[in-house]
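The block underneath contains the structure these notes are about, expressed in structure tokens.
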Amino acid sequence: MIRLEKVTKTYGDNHTHALDHVSLNIQKGEFVFIVGDSGAGKSTLFKLLIKELQPSSGEIYVNGKRVTRLRRRKIPMLRRDIGVVFQDFRLLKDRNVYQNIAFAQRVISVPASKIRKNVAEVLTLTGISEKYRSYPDQLSGGEQQRVALARALVNKPKILLADEPTGNLDPGNSKIIMDILEEVNRRGTTVVVVTHNHEIVRHMNKRVINLKNGIVVNDIGEGGLRA
Amino acid sequence: MKVNSFFYCLGQGFAGIKRNKVFFLASVATIAACVFMVGLLMSVILNVNYVIKEAQDSVCITVFFEPEVTETDIADMNKRINEWEEVSRVEYTSPEEAWETFKEEYFKDNPELAEGFANDNPLATSASFTIYLTEISYQQKVVERLESMTGIRQVNKSEITASALSDFGKIAGGASLAIIIVLLAVSIFLISNTITTGITVRAEEIRVMKYVGATDFFVKSPFVFEGVIIGLIGAIIPLVVLFFVYRSAINYVVEQLQTFSSAFAMLPLKTVFVLLIPVSLILGAGIGLIGSSIATNKYIKV
């Protein structure tokens, strides 16, 4: 589902390596944590997968698409296969929960009747149906992240990328979010979570790719050492 | 673009205007000034051309012949002059016809005075050609050609100066064009700024749109709609103003100036506005489109 072949990304004139010859392979339906300290290259990897950045060298494949050679006008189609969730939620404050989620469908021209059905489905999945009229400011951090998750899922992506989804949450809300991610994965979506929350990583017992200074230092699968 | 998406983007365009009222008003005012100048210039040019055309139809050159010129020579000259591309038609007036016209004009009240000349036409050497031109500007050229012909005694040209009218048109046109270009540039710059402000205000929304896979076109459309709406409003306002200004001008010309001279004529309101409305709307929408495209291409990237 996701394949990186010797991907290098350098920044600036002094060619600082954010990623250095990274190769990895994530299968369809996997649940993977990407861990590492600040500056390890986690966010760069995230941006490369959605083609917000172009690698300096190497090849990236996502859902059968060669991302590195993808034409600009094809980028939206790539992103429709990938749901993204951020630490800071990125909800639109002038719209309520329903409108925030429906927005993701509206902007890819889904008919109104289907939007209603799909939004209702993800509201149920994320457990915030009763809050559909609330505005982001009226919600707790955990609830806001559930709305963000619902928005990422409403377009039925094949891959869900979550960048520090529990970074701003207490342990209770973090567990709710991780439970939802696990359920989403159980239903067939490939889930990639970037985090430095070791407690959650330990608790979930999933594959863990450890990045350090732009290099994969270890890749531990559910059943043992992988790379 | 699907119909529901079209209306969504259009709605977002109006929402953008609501969010950004001050910049909207500044942009509309500048476009309105620009379109007003274009409209005014067009009205002036159309009317100057109209007056020239009217004058052209009445302007003619009169040619008198040397006494020794025979009827055959005159017929030959008539044929040759008629072949010139600058000449639309030539009318021949015989000495008899000239005397008849003269008599009617000057001895109308005392016909008995003209009786004395019954057998001695005082205008026996006044046979003439009246030459009408295809364009008023050819007058000097044709006069020079006629004067160089043998058998021609005198060439009388029309005193109406076509060049004066043309010059007026050129000066008015040049000055207005300079103002229009400046206003056009300012309009595009202001619209572009208005849209850029809108893009900044909606940066988070644009970012989310990109992450969920909205196309470039879909992200940019509301801003382009916003620009075009601003442009169209900026065009409609001066059209309304010009309508009343032009109507008042026509009334003034009819009531005040036409008593002095029939040269003061103006095209009817409908004739001018049939041209002015589409030109103004296209201009307004065009300014909006260009201004918003500059801003969206510069600040919205997938």
Side-chain angles (χ1 to χ4, degrees), chain A residues 46-47 49-54 63 65 70-86 88-95 99-115 118 136 147-148 150-163, chain B residues 1-24 194-228 292-302:
Chain A
F46 194 96
K47 287 175 181 170
L49 292 176
I50 57 171
K51 205 170 166 68
E52 208 176 339
L53 287 176
Q54 182 72 1
N63 192 30
K65 294 185 177 87
L70 206 62
R71 285 176 183 275
R72 201 169 150 235
R73 62 187 170 85
K74 298 268 186 189
I75 296 174
M77 297 307 136
L78 166 79
R79 290 179 183 166
R80 288 179 196 185
D81 286 338
I82 306 171
V84 286
V85 178
F86 300 93
D88 57 358
F89 323 131
R90 298 192 185 172
L91 298 177
L92 304 175
K93 301 214 183 309
D94 60 339
R95 285 157 226 221
Q99 289 164 336
N100 260 284
I101 301 167
F103 179 72
Q105 294 246 283
R106 198 172 265 286
V107 300
I108 60 165
S109 304
V110 176
S113 57
K114 282 191 179 171
I115 293 177
N118 294 339
V147 178
R151 184 179 65 191
L153 294 168
V154 75
N155 290 342
K156 298 185 169 57
K158 295 184 174 68
I159 301 164
L160 182 70
L161 296 181
D163 188 6
Chain B
M1 188 185 262
K2 290 179 183 171
V3 176
N4 64 341
S5 299
F6 172 83
F7 284 110
Y8 175 77
C9 291
L10 188 65
Q12 290 300 305
F14 279 108
I17 289 171
K18 256 174 82 179
R19 269 192 286 254
N20 221 349
K21 288 190 195 86
V22 177
F23 278 89
F24 160 73
T194 306
I195 300 300
T196 304
T197 310
I199 290 171
T200 312
V201 169
R202 294 171 65 190
E204 192 60 40
E205 191 179 323
I206 292 168
R207 202 148 55 149
V208 173
M209 285 168 100
K210 287 191 211 167
Y211 285 138
V212 297
T215 59
D216 230 12
F217 182 72
F218 194 96
V219 178
K220 288 176 181 176
S221 293
F223 298 105
V224 175
F225 275 124
E226 190 179 331
V228 172
S292 55
S293 298
I294 290 171
T296 52
N297 288 335
K298 195 170 173 189
Y299 296 105
I300 299 179
K301 296 265 189 299
V302 171

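Chain letters run A, B, ... following the sequence lines, proteins first and then strands; every chain starts at 1.
- When heavy atoms are compared at a cutoff of 4.5 Å, D81(A) does not approach chain B at all.
- For the set M77(A), R80(A), R90(A), the entry with the most heavy-atom pairs within less than 4.5 Å of chain B is R90(A).
- Looking at V110(A), only its backbone comes within 4.5 Å of chain B, counting heavy atoms on both sides.
- The heavy-atom pair separating V212(B) from V107(A) by the smallest distance is CG2-CG2, 3.5 Å.
- We find the CE-CZ distance between M209(B) and R106(A) to be 11.0 Å, quoted to the nearest 0.5 Å.
- Within a 6.0 Å radius of NZ in K156(A), more than 12 heavy atoms belonging to other residues, nucleotides or ligands are found.
- For the pair D216(B) and R73(A), the minimum side-chain heavy-atom distance is 4.5 Å or more.
- Every residue two or more places apart in sequence or in another chain that forms a ring-ring contact (aromatic ring centres under 6.0 Å, His included) with Y211(B) is listed here: F86(A).
- Only the backbone of I82(A) comes within contact range of chain B, with heavy atoms under 4.5 Å apart.
- Of the atoms belonging to R207(B), it is side-chain heavy atoms, and not backbone ones, that fall under 4.5 Å from chain A.
- By the ring-ring contact (aromatic ring centres under 6.0 Å, His included) test, Y8(B) pairs with F218(B), sequence neighbours left out.
- With rounding to the nearest 0.5 angstrom, the CG atom of D88(A) is 7.0 Å from the CD atom of E204(B).
- Within the model, atoms CD1 of I108(A) and OG1 of T215(B) stand 10.5 Å from one another, a figure rounded to the nearest 0.5 Å.
- Summarising the geometry, atom CZ belonging to R95(A) is positioned 4.0 Å from atom CD belonging to E205(B); distances are rounded to the nearest 0.5 Å.
- Of all the heavy atoms in G213(B) and P76(A), the pair that sits closest is O-CB, 3.3 Å.
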